[in-house]
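First comes the structure, then the notes that go with it.
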Amino acid sequence: MTEQSPYPLLDKIDSPADLRNLPESSLEQLAAEVRAFLLESVSGSGGHFAAGLGTVELTVALHYLYNTPEDRIVWDVGHQAYPHKILTGRKERLHTIRQWEGLAPFPKREESPYDTFGVGHSSTSISAALGMAIAAELTDSARRAVAVIGDGAMTAGLAFEALNHAGALETDLLVVLNDNNMSISPNVGALSSRFAQILSGKLYTTVREGSKKVLSQMPPMWELARRAEEHFKGLIVPGTLFEEFGFNYIGPIDGHDLPTLISTLQNIRQLRGPQLLHVITKKGKGYALAEQDPVKYHGVTSFDPAVGIVPSTKKKALNYSDIFGGWICDMAARDRRLVAITPAMREGSGLVRFEQEYPDRYFDVAIAEQHSVNVAAGMACDGVKPVVAIYSTFLQRGYDQVIHDVANQNLPVLFAIDRAGLVGADGPTHNGSYDLSILRCLPNMTVMAPADENECRQMLYTGFMLDSPAAVRYPRGTGPGCDIEQEMTVLPLGKAEVRRRGSKVAILAFGSMLATALEVAEQCDGTVVNMRFVKPLDEAMILDMAASHELLVTIEENVVAGGAGSAVGELLAALGVSVRIAHYGLPDRLIQHGSRDDMLRDSGLTSEAFEAFVVDRLAGLDATLAGAAKRA
């Protein structure tokens, strides 16, 4: 006797077309199976978890009512898109998510036609879906566009820029605001759900549009009616803001009530122009432990669903975020001018303790990277010493402010740049591949890259003590391990240090690549310099290495194009120094998701690959010298 599958409906779903063939009465069972499958799969493999549990019913409803992939659904960020992947033919591969050559952690256009827009950073969905809706109009297509955006992502200015644009157009667009920061009270589940159905229904829309035509001929009456409608809706729903943007606001409704979701979305499909549906969901829905602590269960490694996440009993090695977290608390005790600013990265950046100890000097500005840099600049104008804790990949979003508001005005803002280089499972949208290239070209900016944990602490102190902009960029995870000096010392600005003396080849290592450089130098008897500063460079050290070695090789965990090695080459060229030089770093392509070791191997940033590179360059040098000697 064969064992019955726990997923009798889900097993029959290979695409949304199969889903749309189901009777509506079976959708709640399907949602329950999707949630159970998600729990089984992610608890075994790890991945983003709580957000997806909260969007199961919404995902089922959208794919049931919209003709995907012809109709476009754009998922913001993508943490909540695991149910979407399950229902779009990828459930058998879900256990590979975030792993090397497995499913991507976020929607990715190359992976599936149902992934209509590649995401990873927040707040892009409304802009992208609006672009698709406009394209449909311009090409006379009947396809629809839907953006699904979380309440957290609505804190970014980009989302409001898109709302402002969309509201000024008559383009058909649905924005679904997935609000998982509010509990569902009885009035939301009953009165407001009924109210949402009324607002999205034909009768209300017909009366509203008909009244508009008649009353618009009598301006005073039209203004009175408009204000009365806004007042009525404002009393019951928090939709006045979206109405002011030009959207027809509907909701809030229970995002786990499938019949209400289906009927409301059916009504909305008949409406013209920009619509905003406000749904209330519970992050972690259906798994009690995740409901109780959605932050803990946001992203998980494998765990036993019956027990939940069990804290490791192993002593945790200090990672670079911990080093930063310890330093900033120590520095705050010394200097009352210090404030910490982060764009919604408290836990990841190591600021939990700081918030607890210095709540009045801690500012989480939400997902607003541009604002985080700009408000720091404003503080720095008036005697405060701001430290902006931000991931390398997210600093890209505030780059204009780094240039225009900090560097141009030479303001003392310290950027503590976490997750520099390759980050692992989140992949190319989160790799910190470009920060050295985009920062070293800025006037007034000091850029440092620590090779170990102690250097990180001392560089943070050095940058903070400067009266000008500074950046310290450090990788994700732990360093090589070293003694950490509690006493803080200002490092000599722009001074490198020789870590190993050798001959013929000098390896100039920046930051995290020092350990690799030392390992390779042992094999080829090379000199190794820990450069420490990307800007200013140690000109005297570079000239000494060029004069005493036949080959210079730079290595960094940043793209080669415009990176630290390029800076060395530019310096030598400007000084007219002729020396053979080769640059090694991240290649000019995207490094896909996987473990950090997988990514290092794929990009060539391993000791074996780097040694082969150096040996090849030395062989080429020997061949050239031999040829020159023969000709002589």
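For the numbers below, each heavy atom of this structure counts, side chains included, while hydrogens, waters and symmetry mates do not.
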**OP:** Quick one: do T429 and H121 satisfy side-chain hydrogen bond (donor to acceptor under 3.5 Å, both in side chains)? Show the steps, please.
**Re:** CA-CA 7 Å; T429 60; H121 290 185; 5.6 Å; no
Original post:
Is it true that K282 and D179 make a salt bridge, defined as a side-chain N closer than 4.0 Å to a carboxylate O?
Top reply: no
Original post:
Are E355 and R346 ion-paired here, with the side-chain N under 4.0 Å from a carboxylate O?
Top reply: yes
Subject >> Of M459, E455, R457, the residue whose pairing with V472 passes side-chain contact (heavy atoms from CB on, under 4.5 Å) >> reply: M459
**OP:** Check whether any side-chain heavy atom of L436 lies under 4.5 Å from a side-chain heavy atom of V559, and answer yes or no.
**Re:** no
Original post:
Could E291 and K283 be called an ion pair, given the rule that one side-chain N must be under 4.0 Å from one carboxylate O?
Top reply: no
**OP:** Could you check I149 against I126 for side-chain contact (heavy atoms from CB on, under 4.5 Å), going step by step and ending with a plain yes or no?
**Re:** CA-CA 8 Å; I149 184 169; I126 305 176; 4.0 Å; yes
**OP:** Begin with the C-alpha distance, continue with both residues' side-chain angles, and end with the deciding distance and a verdict on side-chain contact (heavy atoms from CB on, under 4.5 Å) for R601 and S595.
**Re:** CA-CA 10 Å; R601 185 168 54 254; S595 71; 5.7 Å; no
Original post:
With no hydrogens and no angle check, do the side chains of H583 and T554 hold a donor and an acceptor under 3.5 Å apart?
Top reply: yes
Original post:
CZ of R336: more than 12 outside heavy atoms within 6.0 angstrom?
Top reply: no
Original post:
So does E497 pair up with K495, basic N to acidic O under 4.0 Å?
Top reply: no
Original post:
Ignoring hydrogens and geometry, is there a side-chain-to-backbone donor-acceptor pair from R440 to P536 under 3.5 Å?
Top reply: no
Original post:
Are T527 and H549 close enough that a side-chain donor and a side-chain acceptor fall under 3.5 Å?
Top reply: yes
Subject >> Shortest non-hydrogen contact from V74 toward F117 >> reply: CG1-CB, 3.9 Å
Original post:
Taking all non-hydrogen atoms of both residues, which atom of A425 and which atom of P105 are closest, and how far apart?
Top reply: O-CG, 3.4 Å
Original post:
Roughly how far, to the nearest 0.5 Å, is the CE atom of M599 from the CG atom of L590?
Top reply: 9.5 Å
Original post:
Side chain of R361, backbone of A332: donor and acceptor closer than 3.5 Å?
Top reply: yes
Subject >> D588 vs V560 side-chain heavy atoms within contact, under 4.5 Å >> reply: no
Original post:
Using 30° and 60° as the class limits, which term best fits the ring planes of H430 and F394: parallel, tilted or perpendicular?
Top reply: perpendicular
Original post:
Of all heavy-atom pairs between P480 and Y320, which one has the smallest distance, and what is that distance?
Top reply: CD-OH, 3.8 Å
Original post:
Considering only heavy atoms from C-beta outward, does the side chain of L618 approach that of K504 to under 4.5 Å?
Top reply: yes
Original post:
Within a reach of under 6.0 Å around CZ of R501, are more than 12 heavy atoms found that belong to other residues, nucleotides or ligands?
Top reply: no
**OP:** Specify whether H298 and H48 have parallel, tilted or perpendicular ring planes, treating 30° as the upper limit for parallel and 60° as the lower limit for perpendicular.
**Re:** tilted
Residues 403-418, side-chain donor-acceptor partners within the protein, below 3.5 Å, at least two apart:
| residue | atom | partner | partner atom | Å |
| --- | --- | --- | --- | --- |
| Q409 | NE2 | D405 | O | 2.8 |
| D418 | OD2 | S321 | OG | 2.5 |

Subject >> E550/V505 under side-chain contact (heavy atoms from CB on, under 4.5 Å): CA gap, chis, key distance, verdict >> reply: CA-CA 6 Å; E550 296 171 12; V505 59; over 6 Å; no
Original post:
Do M448 and R532 come within less than 4.5 Å of each other through their side chains, counting heavy atoms only?
Top reply: no
Original post:
Would you say the side-chain atoms of N444 and S468 include a donor-acceptor pair closer than 3.5 Å?
Top reply: no
**OP:** Compute whether any side-chain donor of one residue and acceptor of the other, for D76 and S123, lie under 3.5 angstrom apart.
**Re:** no
**OP:** Indicate the ring-plane relationship of F245 and F160, choosing parallel, tilted or perpendicular according to the 30° and 60° boundaries.
**Re:** tilted
Original post:
Is K385 close enough and on-axis enough to F464, meaning under 6.0 Å and within 45°, for cation-pi?
Top reply: yes
**OP:** Give a yes or no answer on whether the side chain of R499 reaches the backbone of V529 with a donor-acceptor pair at less than 3.5 Å.
**Re:** no
Original post:
Taking the inter-plane angle between the rings of Y362 and F354 on a 0 to 90° scale, is it parallel (under 30°), tilted (30 to 60°) or perpendicular (over 60°)?
Top reply: tilted
Original post:
So, does E556 use its side chain to make a donor-acceptor pair with the main chain of F510 at under 3.5 Å?
Top reply: no
Subject >> Heavy-atom pair of closest approach, residues N454 and D483 >> reply: CB-O, 3.5 Å
Original post:
Within the distance-only criterion (no hydrogens, no angle test), does the side chain of Y584 pair as donor or acceptor with the backbone N or O of G604 below 3.5 angstrom?
Top reply: yes
**OP:** Say whether Q396 and D435, considering side chains only, have a donor N or O and an acceptor N or O under 3.5 Å apart.
**Re:** no
Original post:
Taking side chain as C-beta onward, heavy atoms only, is F533 less than 4.5 Å from T446?
Top reply: yes
Sequence neighbours excluded and cut-off under 3.5 Å, please list the side-chain donor-acceptor pairs for residues 367-379, or say none.
| residue | atom | partner | partner atom | Å |
| --- | --- | --- | --- | --- |
| S372 | OG | E369 | O | 2.6 |

Subject >> Least distance between heavy atoms, C524 atom then V614 atom >> reply: SG-CG1, 4.0 Å
Original post:
With a 4.5 Å limit on heavy-atom distance, are the side chains of Q486 and I484 in contact?
Top reply: yes
Subject >> D322/K316 ion pair, N-O < 4.0 Å >> reply: yes
Subject >> Test item: S127 side-chain N/O and T124 main-chain N/O as donor-acceptor pair under 3.5 Å >> reply: no
Original post:
Is any side-chain heavy atom of F324 closer than 4.5 Å to a side-chain heavy atom of Y474?
Top reply: yes
**OP:** Examine distances only and state if a side-chain atom of N431 and a backbone atom of S433 form a donor-acceptor pair shorter than 3.5 Å.
**Re:** no
Subject >> Donor-acceptor contact below 3.5 Å, side chain T516 vs main chain T606 >> reply: no
**OP:** Flag the pair M154 / L177 as yes when at least one side-chain heavy-atom distance between them is below 4.5 Å, and no otherwise.
**Re:** yes
**OP:** State whether a side-chain donor-acceptor pair under 3.5 Å links S503 with D525.
**Re:** yes
**OP:** Can you measure from OG (S566) to CG (L571) and round to the nearest 0.5 angstrom?
**Re:** 12.5 Å
**OP:** Please determine if R596 and E557 form a salt bridge, counting it only when a charged side-chain N lies under 4.0 Å from a carboxylate O.
**Re:** yes
Original post:
How long is the gap from CG on L338 to OH on Y358, to the nearest 0.5 Å?
Top reply: 9.0 Å
Original post:
Angle class for the Y297/F49 ring planes (parallel below 30°, perpendicular above 60°, tilted otherwise)?
Top reply: tilted
Subject >> Straight-line distance of D544 CG to E539 CD, nearest 0.5 Å >> reply: 12.5 Å
Subject >> From CG (D293) to CG (L289), nearest 0.5 Å >> reply: 9.0 Å
Original post:
Just how far is it from atom CG of L460 to atom CD1 of I328, taken to the nearest 0.5 Å?
Top reply: 8.5 Å
**OP:** Return yes if some donor-acceptor pair links the side-chain N/O of H593 with the main-chain N/O of G102 below 3.5 Å, else return no.
**Re:** yes
**OP:** Under the side-chain contact (heavy atoms from CB on, under 4.5 Å) rule, what do L586 and L422 come out as? Steps first, then yes or no, please.
**Re:** CA-CA 9 Å; L586 295 177; L422 301 173; 3.9 Å; yes
Subject >> Which atom of G563 lies closest to which atom of N558, heavy atoms considered >> reply: CA-ND2, 3.7 Å
